[in-house]
Amino acid sequence: MRSALKMGARLLAERRGFISFLGILLALALSSVLCYFMVTSYFKKPALDKATAGVVQESGIDTSGYSTIINSTRSKLHDLEKQQELQYKDVGQQ
């Protein structure tokens with residue numbers, strides 16, 4: 001009788017372990033699907049909205065993608081720094 005109880009307890013423990021494993025797999029699958037949809041919707045969005053992109057393009061910054069926005073902004077800032085240095089040199093010479 002006791003061996004039957006021990007055997008039943010062992011089977012019940014094995015089932016609990018299997019159900020816990022299934023629960024972890026289900027949670028992992030669900031979170032990976034949610035992450036997939038979140039990442040795809042994030043990258044489908046444009047870098048800037050239309051109004052902001054118009055204003056930024058007027059100042060000479062390329063808004064076709066994230067990296068082009070950063071690179072053209074850096075080059076624009078570099079050009080502005082050069083202009084400022086020239087203005088300071090002109091003021092210092094006067």
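From a predicted model like this one, the values you see are computed outputs, not experimental measurements. In what follows, every heavy atom counts, from backbone to side chain, and hydrogens, waters and symmetry copies are set aside.
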Task: Closest heavy-atom pair and its distance - S72, D62 - done: OG-N, 3.1 Å
Open item on the list: Are V33 and Y36 linked, directly or through intermediate hydrophobic residues, by side-chain heavy-atom contacts shorter than 4.5 Å (ILVMFWY only)?
Closed with: yes
- [ ] Identify the residue among Q84, Q83, K82 that makes a side chain to side chain contact (heavy atoms under 4.5 Å, CB included) with L80.
- [x] Q83
- [ ] Answer yes or no: is there a side-chain heavy-atom contact under 4.5 Å between K76 and T73?
- [x] no
Task: Atom pair CD1/OG of I70 and S75 - distance to nearest 0.5 Å - done: 12.0 Å
